[in-house]
Amino acid sequence: MNERVIFHIDVNSAYLSWTAVRMLQLGETTEDIRDIPSIIGGNSDERHGIVLAKSIPAKKYKIQTGEPVVDALKKCPELKIFKPNYKLYMESSNAMFNLLSEYSPKIQRYSVDEVFMDVSHYKENYIEKAGEIQDRIRKELGFNVNIGISTNKLLAKMASDFNPKNSIHTLFQDEIMDKMWPLPVEDLFMVGKVTKRKLDKLNINTIGELALFDFDILENIFKSHGKVIKNYANGIENSEVKKYNYIEVKGIGNSTTIAWDVISKEEALKIILSLTESVCSRLRVTNSLCKVVSVSLKDYGFNRYTHQRTISNYTDSTEIIYKELTNAFIEIWKGEPIKQIGVRVTKLCSNEFFQGSLFDDKRLDKQKALDKTIDNLREKYGKNSVIRSTFLHSGIKAINGGNEESDYPMMGSIL
DNA sequence: TCTGGGGTCCTAGGACCC
DNA sequence: TCTGGGGTCCTAGGACCC
């Protein structure tokens, strides 16, 4: 079998870079926010905003992705904060994807700012091509990317994480020992906080130590995950670069953290309804139906619990799904103050097989027509053009959530 | 440090069937 | 009646990713 050549392209501080480029393009500023301490922060007006992306100067103040905006400001009072703009990110991501598509038909969007591509057809000149891609993205789109190169997706991804930023790195099989094995074990893809803690106990500190560790012991402790990380540490991974539109979405969900204590059933149900509205409209936009609905709650101790219910028939009806979620909520809520509420639908299928006979029921037909009409109005006049009267003066957003990023499927845990 | 929001996959236990 | 073993489905929770 011929060896493959895989690229992993990763945008350097994507959200911040894209915001910087747009501001310069619009002439809003002559200052490049990549050169000053700056962050993209979520919902800084509410209490729960966190840092989504940071500039390199901000990094010098030890500001970290994921930490509360409030804390970041303490570390650097002159920090400039910008709101996230997911529409812009999708546009930027699309522009990069289109450019990259010129180089290979086997191209997989892994997340909003990461792409895998199989470029095995560039036999000898792949390094040159990587340089060309990097230059073109910088000149035509205005931002920097890292490119990792190897024979499989895992190694390409590990390589694109290497420093410095804005660079091209290879990580072929014969380079694993030198370039990957000395790294701390938590740098390995799929080694998170919990796995790291267990590896500590085994005195496994580097990727190399994991690679050489006894397999039976790992399998005993980590079950199937043991095999995954042992293989990854040895650079073994052979999944295909999947054309992204072939991957189906497994579930659709939205959740929200509430700025106040939710202690009444009525209030909680209103929030659930607002989340249901956005989940169901996403369901209908993708021509999908669902069979399982679940509600998840987080209390103030940050304990999360979920409850799911199976519906007798596949549906995309806001009314039916909301009714099931209401029941699910009543069944689990213990009456304690709630900090976060989430709604999710799974067991999806395409609606094309369900048109006609199954919807002979006149009442269902009517509901379907109503949902469709509302979707159309919202698309035409904005999502708040039609809102339920229950939300008037409630202080709760009529439609909560949505996901501009999910116009394409997201990543899975297996590359 | 006091923690957003979107996902996927895996596991274990219970229900139910043959 | 109180006993097998295998298979599948459902549900809750946990771990990981961006």
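Since the model is a prediction, treat every value here as computed from it, not as a measurement. Below, chains carry the letters A, B, ... as their sequence lines are ordered, and counting in each starts from 1.
- Residue-to-nucleotide proximity on DNA chain C shows that, of A/K193 and A/Y305, the 5′-proximal contact is made by A/Y305.
- At whole-Å resolution of the value, NZ in A/K223 and P in B/dG13 are 10 Å apart.
- In terms of phosphate contacts, A/K347 brings no side-chain nitrogen or oxygen within less than 4.0 Å of OP1 or OP2 of C/dT11.
- Comparing the end axes of the helix from B/dG5-C/dC18 to B/dC18-C/dG5, each fitted to five base pairs by superposing C1' atoms of four pairs onto the next four, gives an inter-axis angle of 10° (nearest 10 degrees).
- Contact check, A/Q340 against B/dG5: a side-chain N or O comes under 4.0 Å of OP1 or OP2.
- Checked against C/dC10, B/dC2, C/dA12, the side chain of A/K74 finds its nearest nucleotide in B/dC2.
- Looking at heavy-atom distances under 4.0 Å, A/F302 makes contact with a base.
- Note on A/L52: a base of the nucleic acid sits closer than 4.0 angstrom, heavy atoms only.
- Out of B/dC2, B/dG7, C/dG13, the shortest distance to the side chain of A/T306 is found at C/dG13.
- For A/D71, whose side chain is taken as the heavy atoms from C-beta onward, the closest listed nucleotide among B/dC2, B/dG7, C/dC18 is B/dC2.
- Not one side-chain nitrogen or oxygen of A/R304 sits closer than 4.0 Å to the OP1 or OP2 atom of C/dG13.
- Nucleic acid contact class of A/Q64 (heavy atoms, under 4.0 Å, all strands): none.
- For B/dG6, one of the phosphate oxygens OP1 or OP2 lies less than 4.0 angstrom from a side-chain nitrogen or oxygen of A/N254.
- Here B/dT8 is the nucleotide among B/dG5, B/dT8, C/dT11 with the atom lying nearest to any side-chain atom of A/R344.
- At least one test fails for A/K54 against the ring of A/Y15: distance under 6.0 Å to the centre or angle within 45° of the axis.
- Residue A/S294 is out of contact with every strand shown, counting any heavy-atom pair closer than 4.0 Å.
- Between B/dG6 and A/S255, a contact under 4.0 Å exists linking OP1 or OP2 to a side-chain N or O.
- Considering only side-chain N and O atoms, A/S224 lies under 4.0 angstrom from the phosphate OP1 or OP2 of B/dT11.
- Of the candidate nucleotides B/dG7, C/dT11, C/dC16, C/dT11 has the atom nearest to the side chain of A/T310.
- A salt bridge between A/K87 and A/E91 is present, with a side-chain N of the basic residue lying under 4.0 Å from a carboxylate O of the acidic one.
- Using modelled atom types, no side-chain atom of A/H169 and backbone atom of A/A156 make a donor-acceptor pair closer than 3.5 Å.
- Partners of A/A20 under the side chain to side chain contact (heavy atoms under 4.5 Å, CB included) rule, at least two apart in sequence or in another chain, are A/D32, A/I33, A/R34.
- Nearest-nucleotide assignment on DNA chain B puts the 5′-proximal partner with A/K298, out of A/K298 and A/G251.
- Closest approach of A/A130 and A/I149 over heavy atoms only: CB-CD1, 4.0 Å.
- At least one side-chain nitrogen or oxygen of A/T257 sits closer than 4.0 Å to the OP1 or OP2 atom of B/dG5.
- Listed pair A/K250 / B/dC9 meets the phosphate criterion, a side-chain N or O lying under 4.0 Å from OP1 or OP2.
- Atom CG of A/L275 and atom P of B/dG7 are 12 Å apart (whole Å).
- Among the nucleotides C/dC18, B/dG7, C/dC16, the one closest to any side-chain atom of A/I252 is B/dG7.
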